[in-house]
Novice: 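First the structure, then my questions, so here it is.
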Amino acid sequence: MNTAMTELALNCRRLFLRNHTVDVRIGAHDFEKLGPQRIVFNVELFVPYSASTPTQDDLSEVVDYDFIRHVIARRIALGHVVLQETLCDDLMRELIAHPQVQAVRLSTCKPDVYPDCEAVGVEIFQIKPAS
């Protein structure tokens with residue numbers, strides 16, 4: 001594990017949204033352009049303990065999980081995306097921009113594209129540059 005990953009693992013809380021399934025208009029192939037298809041999102045946000053340890057047991061003191069779901073919903077509402085890579089990059093930009101988030105791991109997969117495999121997908125990981 002590299003130094004940056006070790007630092008995140010030791011000093012951050014990992015928030016996650018697992019197997020969030022949404023119908024999305026996505027795909028490059030003609031058969032994918034006929035209508036929406038299921039996309040499964042998995043998102044992990046790494047937030048420093050100092051920015052995610054509540055003292056008043058109040059939602060305003062932490063990163064709300066709804067933030068992740070809203071980012072996804074807003075991007076999907078913009079319309080058809082050709083590539084999963086584009087979708088992931090668009091989501092990453094907004095997720096990593098949150099002031100409390102230090103790193104993001106994000107994956108998307110299409111479980112219904114090919115009958116001979118469970119899914120096809122993309123995963124990205126980004127650490128916010130030090131300011």
Side-chain angles (χ1 to χ4, degrees):
M1 186 178 286
N2 68 33
T3 305
M5 285 296 295
T6 301
E7 184 72 19
L8 283 171
L10 295 176
N11 296 309
C12 283
R13 189 178 309 273
R14 182 175 62 97
L15 308 175
F16 57 88
L17 179 69
R18 280 197 193 129
N19 299 323
H20 178 56
T21 304
V22 180
D23 288 336
V24 178
R25 297 190 64 83
I26 188 168
H29 302 289
D30 288 340
F31 70 88
E32 293 180 299
K33 295 176 183 175
L34 298 175
Q37 60 183 299
R38 286 189 312 147
I39 298 288
V40 180
F41 295 88
N42 283 285
V43 181
E44 297 177 358
L45 304 182
F46 295 83
V47 181
Y49 284 125
S50 61
S52 65
T53 303
T55 59
Q56 303 296 316
D57 194 29
D58 189 81
L59 186 58
S60 67
E61 298 178 279
V62 297
V63 177
D64 186 350
Y65 305 107
D66 282 346
F67 163 69
I68 304 169
R69 297 178 80 239
H70 290 186
V71 167
I72 293 168
R74 280 194 304 266
R75 177 57 189 94
I76 299 313
L78 295 177
H80 189 89
V81 181
V82 175
L83 302 173
Q84 286 189 80
E85 290 84 352
T86 302
L87 178 59
C88 285
D89 290 348
D90 290 351
L91 295 172
M92 176 62 77
R93 275 189 291 280
E94 194 165 347
L95 293 167
I96 200 78
H98 189 289
Q100 292 173 284
V101 172
Q102 292 302 302
V104 176
R105 180 184 312 275
L106 164 68
S107 69
T108 62
C109 72
K110 298 179 185 182
D112 304 319
V113 173
Y114 300 117
D116 58 352
C117 65
E118 185 177 312
V120 294
V122 173
E123 180 175 279
I124 57 177
F125 179 79
Q126 184 174 3
I127 298 172
K128 188 180 283 184
S131 348

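Computed over heavy atoms, backbone and side chain alike; hydrogens, waters and symmetry mates excluded.
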Novice: Please identify which of these residues, Ile68, Ile72, Asp66, meets the side-chain contact (heavy atoms from CB on, under 4.5 Å) condition with His70.
Specialist: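 That would be Asp66.
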
Novice: Could you tell me whether Asp57 atom CG has more than 12 heavy atoms of other residues or ligands within 6.0 Å of it?
Specialist: no

Novice: Any chance you could lay out the side chain to side chain contact (heavy atoms under 4.5 Å, CB included) test for Ile39 and Val22, step after step, and finish with the verdict?
Specialist: CA-CA 5 Å; Ile39 298 288; Val22 180; 5.6 Å; no

Novice: If you apply the rule side chain to side chain contact (heavy atoms under 4.5 Å, CB included), what do you find for Val82 with Ile26, and how did you get there?
Specialist: CA-CA 5 Å; Val82 175; Ile26 188 168; over 6 Å; no

Novice: Which atom names give the shortest non-hydrogen contact between Ile124 and Cys88, and what distance separates them?
Specialist: CD1-O, 3.5 Å

Novice: Is Val113 reachable from Ile76 through a run of hydrophobic residues whose side-chain heavy atoms are each under 4.5 Å from the next?
Specialist: no

Novice: If two hydrophobic side chains count as joined below 4.5 Å and joins carry through other members, does Ile96 share a cluster with Phe67?
Specialist: yes

Novice: Could you measure the distance from the CZ atom of Phe46 to the CG atom of Asn11? Nearest 0.5 Å is fine.
Specialist: 12.5 Å

Novice: Linking I/L/V/M/F/W/Y whenever their side-chain heavy atoms sit closer than 4.5 Å, directly or via other members, would Val62 and Leu15 fall into one cluster?
Specialist: no

Novice: For atom OH of Tyr114, decide whether the heavy atoms of other residues, nucleotides or ligands shown that lie under 6.0 angstrom number more than 12.
Specialist: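 Counting neighbours around OH of Tyr114, 12 or fewer heavy atoms of other residues, nucleotides or ligands fall under 6.0 Å, so no.
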
Novice: Search all heavy atoms of Phe125 against all heavy atoms of Ala103 and return the closest pair with its distance.
Specialist: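 For Phe125 versus Ala103, the nearest heavy atoms are CZ-CB, 4.1 Å.
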
Novice: To the nearest 0.5 angstrom, please state how far the CG atom of Leu34 sits from the CZ atom of Arg25.
Specialist: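 Here the interatomic distance stands at 8.5 Å.
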
Novice: Taking Lys110 for its side chain and Val120 for its backbone only, find out whether a donor-acceptor pair lies under 3.5 Å.
Specialist: no

Novice: Quick check for you: to the nearest 0.5 Å, what is the distance between Arg105 atom CZ and Phe16 atom CZ?
Specialist: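 It comes to 13.5 Å.
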
Novice: If you round to the nearest 0.5 Å, how far is NZ of Lys33 from NE2 of His80?
Specialist: 6.0 Å

Novice: Please round to the nearest 0.5 Å and tell me the distance separating atom CZ of Arg13 and atom OG of Ser50.
Specialist: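 The OG atom of Ser50 is 10.0 Å from CZ of Arg13, to the nearest 0.5 Å.
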
Novice: Is the backbone N or O of His98 less than 3.5 Å from a side-chain atom of Lys128, with the two atoms forming a donor-acceptor pair by type?
Specialist: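 Confirmed, Lys128 side chain pairs with His98 backbone.
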
Novice: Out of curiosity, does Ile127 fall in the hydrophobic cluster containing Val43 (side-chain heavy atoms, cut-off under 4.5 Å, transitive links)?
Specialist: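 No.
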
Novice: List the atom of Gln100, the atom of Pro48, and the distance in Å for their closest heavy-atom pair.
Specialist: O-CD, 3.2 Å

Novice: Classify the ring geometry between His20 and Phe41 as parallel (under 30°), tilted (30 to 60°) or perpendicular (over 60°).
Specialist: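 Because their plane-to-plane angle lies in the 30° to 60° range, the rings of His20 and Phe41 count as tilted.
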
Novice: Answer yes if the side chains of Gln56 and Glu61 hold a donor-acceptor pair under 3.5 Å, and no otherwise.
Specialist: no

Novice: Indicate, with yes or no, if Leu95 and Val47 share a hydrophobic cluster defined by side-chain heavy-atom contacts under 4.5 Å among Ile, Leu, Val, Met, Phe, Trp and Tyr.
Specialist: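 Result: yes, single cluster for both.
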
Novice: To check you understand the geometry: which heavy-atom pair defines the closest contact between Pro99 and Gln102, and what is its length?
Specialist: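 Heavy atoms of Pro99 and Gln102 come nearest at O-NE2, 4.2 Å.
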
Novice: If I take atom CD from residue Glu123 and atom OG1 from residue Thr108, how far apart are they, to the nearest 0.5 angstrom?
Specialist: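 Output value for this atom pair is 9.5 Å.
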
Novice: With a 4.0 Å cut-off on N to O distance, would you call Glu94 and Arg75 a salt bridge?
Specialist: no

